[in-house]
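Side-chain atoms are counted along with the backbone in the values below, which use heavy atoms only and exclude waters and symmetry mates.
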Amino acid sequence: MTYNYPRPQLVRDEWVNLNGEWSFAFDDDNRGLSQKWQKQFPEALKINVPFAYQTKLSGIHDPSFHDIVWYSRTITIPQEWQGKQIILHFGAVDYRAWIYVNGELVTFHEGGNTPFKAIISEAVQEGNNQIVVRVEDPSEDQTIPRGKQYWHEQSESIFYTRTTGIWQTVWMEAVEPIHVQKLRWTPNVDKGDIQMELELSGIDHHLEVTVDISYNGKNLINDTLRVHEIYTKRSFNIRNRFVDRSNIHNDGWYWTPENPNLFDVVLTVKTNQTVDRVSSYFGMRKVSVHNGEFRLNNKRYYQKLILDQGYFPEGLLTAPDSEALKRDIELAKEMGFNGARKHQKVEDPRYLYWADRLGFLVWGEMANAGEYSEEAAERLTKEWMDVVNRDYNHPCIVAWMPLNESWGISRVAHEIQQQHHSLAMYYVTKSLDQTRPVLSNDGWEHTISDFCGIHNYQSAEEIERAYATIDSAIQSKPANRQIYADGFSYRGEPILITEYGGIAYTVDESGWGYSSVQSSEELVEQYEAVTAAIGQSPILQGYCYTQLTDVEQEINGLLTYDRKPKCDLKKIKEINDRFS
């Protein structure tokens with residue numbers, strides 16, 4: 001597939017990318033609806049989609065509050081799409097979006113992190129068609145899942161410039177009335193099976209689906225299914241009694257960061273003729289927790305993660321291109337990290353595509369709200385369910401984290417209502433995905449979690465003392481927070497330090513970190529000291545260092561904001577390579 005395709009797990013050859021120049025207008029007085037901008041768009045600015053107006057790459061670069069904005073673009077439907085079902089897709093729009101085509105409302109969506117679509121076949125016509133998008137993004141509402149986007153105009157501390165409006169790809173595709181709507185892959189490493197769940201948009205008396213599965217160009221499965229219902233579940237055996245496909249002395253065909261083996265799939269849907277053809281892929285891998293260890297494909301695996309907030313100096317939450325997403329993974333791997341915690345950001349699916357291809361573990365994390373309310377709980381739950389469903393197929397994702405550091409549940413340590421929300425997020429995630437560990441609230445104040453993730457920015461000596469035994473780890477109070485909420489306790493889950501370090505070293509700009517050094521040599525020395533204190537602990541099962549890059553005023557990255565190394569990356573790799 002082309003790496004710019006916005007939905008890498010369900011690919012069609014025929015699609016149109018609608019990124020690029022759109023007309024754009026601020027609507028600070030909220031007069032666009034009364035003046036019917038959806039039908040008659042005003043004289044306007046120009047914006048480069050999918051970059052938010054706050055960014056340099058948008059062409060506007062205005063960081064001030066504008067809570068209502070509008071977009072417009074004229075499109076022409078390809079001639080060969082006539083008579084087909086035309087679907088308009090949005091990768092992500094922050095936060096509420098109303099979509100109009102030729103003045104007609106075709107869909108509404110709430111949630112700034114997840115994709116949505118509209119079937120626009122009945123709204124379009126021959127020749128020119130106008131797409132108009134109205135967006136509301138309440139800048140100061142702290143009950144919206146906003147992650148690191150600040151509710152003040154000027155960035156400070158750990159909070160950064162906001163992202164309003166379209167920030168991921170806008171695109172169109174055309175399909176026949178019967179087509180693939182949903183495709184889900186669940187590997188069973190122990191049996192050597194891959195389970196396929198296929199959902200079609202409709203049914204026909206003579207419907208067949210051909211499944212072609214290949215590895216490195218060699219065809220392994222070619223099976224034709226007679227399909228009688230919209231939903232179909234099938235399992236295909238990949239191992240087929242071949243020892244080298246699951247050799248216990250190496251990774252065989254399993255997916256790991258060291259050997260990111262992937263199987264390619266083509267699905268062809270036929271009635272009297274071919275009505276849909278999609279390509280996909282999967283990895284044969286298993287993640288599990290056993291005897292206090294994290295295991296990958298039934299073998300203990302030590303996680304060496306980097307905290308990655310996914311911000312870019314000219315695009316904020318939006319990477320300049322797919323190559324920039326790929327390069328972040330390559331830089332992390334060059335430093336000896338085998339994965340990343342995507343911190344307070346639901347990342348572009350193309351990042352997960354590259355993590356799958358390059359071999360890189362990912363902890364999927366939700367952008368949290370700042371404060372709790374019943375409405376905030378509902379918003380987070382609905383959007384998080386969409387995140388898990390969107391990214392389920394990616395083998396790189398090995399953990400889910402719906403909540404972080406008690407954000408949006410600031411009283412969870414003692415308040416039963418917020419504890420129930422934490423538990424609800426844990427169990428709703430498990431109800432959607434039985435194959436991955438889930439953290440109820442990373443950092444501290446856990447309720448029930450499959451990992452005990454602890455955030456600790458103390459010195460090497462303090463870390464060494466705190467994590468000498470399980471008892472000392474559970475009794476530690478980093479940031480003066482208890483590790484478990486009232487009424488909850490350690491149940492034997494793996495213990496990891498999921499934030500530490502944060503060592504500030506300024507190269508170009510001033511800022512802050514959790515500690516600071518004055519040279520690149522001292523940065524390496526301090527990294528070695530705190531990482532060794534964790535890596536040599538007899539009870540810890542991995543770590544996540546803060547952080548990959550500087551972000552705005554926070555200068556504790558191993559790389560600058562524009563991805564320049566602050567020290568010899570080979571030396572960081574030498575340190576990370578000691579621990580396994």
Side-chain angles (χ1 to χ4, degrees), residues 4 6 17-28 44-73 90-95 97 112-113 133 135 137 139 146-170 308-328 331 342-348 350-351 367 506-512 547-557 559-566:
N4 279 316
N17 192 330
L18 296 180
N19 291 345
E21 186 178 272
W22 289 54
S23 296
F24 180 81
F26 295 118
D27 188 10
D28 296 341
L45 302 167
K46 299 297 182 183
I47 190 169
N48 182 23
V49 167
F51 301 99
Y53 75 79
Q54 293 95 337
T55 70
K56 292 180 182 178
L57 287 173
S58 73
I60 296 176
H61 196 205
D62 179 355
S64 58
F65 284 170
H66 298 286
D67 288 5
I68 301 175
V69 298
W70 291 70
Y71 299 77
S72 175
R73 172 167 174 159
F90 292 83
V93 181
D94 200 352
Y95 174 68
N113 302 282
V133 180
V135 176
D137 186 27
S139 300
R146 60 172 63 250
K148 289 298 193 80
Q149 300 180 59
Y150 205 18
W151 48 89
H152 296 165
E153 283 203 353
Q154 296 298 317
S155 300
E156 62 180 326
S157 184
I158 61 171
F159 295 101
Y160 318 124
T161 305
R162 294 159 309 288
T163 291
T164 294
I166 298 170
W167 69 277
Q168 288 186 27
T169 294
V170 185
D308 180 0
Q309 307 202 63
Y311 274 77
F312 297 85
E314 295 189 340
L316 297 176
L317 288 177
T318 309
D321 51 37
S322 181
E323 284 294 328
L325 296 169
K326 178 185 180 185
R327 184 59 181 152
D328 277 359
L331 286 165
K342 294 302 297 192
H343 184 40
Q344 287 299 295
K345 181 186 181 185
V346 179
E347 189 54 274
D348 189 310
R350 294 176 302 168
Y351 177 93
T506 181
V507 175
D508 300 316
E509 298 182 13
S510 61
W512 72 276
Q547 63 180 319
L548 180 65
T549 75
D550 295 348
V551 183
E552 295 192 351
Q553 68 278 353
E554 191 173 351
I555 58 165
N556 48 29
L559 310 172
T560 63
Y561 201 6
D562 58 357
R563 278 54 177 177
K564 294 174 184 175
K566 292 187 182 181

Exam field: side chain [X] to backbone [Y], donor-acceptor pair closer than 3.5 Å:
X    : Y    : result
E153 : F65  : yes
R146 : S139 : yes
W167 : G112 : yes
E314 : P320 : no
K345 : G310 : yes
D308 : Q547 : no
R350 : E323 : no
Q54  : T164 : yes
T549 : Y561 : no

Can you measure from [atom1] ([X]) to [atom2] ([Y]) and round to the nearest 0.5 angstrom?
X    : Y    : atom1 : atom2 : result
L317 : T163 : CG    : OG1   : 3.5 Å
N113 : D94  : CG    : CG    : 6.5 Å
D321 : F312 : CG    : CZ    : 9.0 Å
Q553 : I158 : CD    : CD1   : 10.0 Å
R327 : R563 : CZ    : CZ    : 11.0 Å
I68  : D28  : CD1   : CG    : 8.0 Å

[X] versus [Y]: any side-chain heavy-atom pair under 4.5 Å?
X    : Y    : answer
H152 : F159 : no
F90  : L18  : no
K46  : W22  : no
R73  : V49  : no
T318 : L57  : no

Looking only at non-hydrogen atoms, find the nearest pair between [X] and [Y] and report the distance.
X    : Y    : result
K566 : I555 : NZ-O, 2.8 Å
N556 : D550 : N-OD1, 3.4 Å
Y160 : Q309 : OH-NE2, 3.0 Å
S23  : A44  : CB-CB, 4.2 Å
P63  : T161 : CB-CG2, 4.3 Å
S155 : E552 : OG-OE1, 2.6 Å

- Intermediate values then yes/no, side chain to side chain contact (heavy atoms under 4.5 Å, CB included), D67 and Y95: CA-CA 10 Å; D67 288 5; Y95 174 68; over 6 Å; no
- Message: Evaluate I166 against V93 for side chain to side chain contact (heavy atoms under 4.5 Å, CB included), listing each step before the verdict.
- Response: CA-CA 4 Å; I166 298 170; V93 181; 3.9 Å; yes
- Query: Would Y71 and V135 satisfy side chain to side chain contact (heavy atoms under 4.5 Å, CB included), going step by step from the backbone distance to the final call?
  - Reply: CA-CA 8 Å; Y71 299 77; V135 176; 4.0 Å; yes
- Task: May I ask you to check whether F51 and Y53 place their ring centres under 6.0 Å from each other?
- Result: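 Here the rings of F51 and Y53 have centres that are no less than 6.0 Å from each other.
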- Run the side chain to side chain donor-acceptor pair (under 3.5 Å) check on T169 and N19 step by step: do they pass? CA-CA 6 Å; T169 294; N19 291 345; 3.2 Å; yes
- Between Y311 and K148, is there a cation-pi geometry (under 6.0 Å to ring centre, at most 45° from the normal)?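 K148 over Y311 ring: no.
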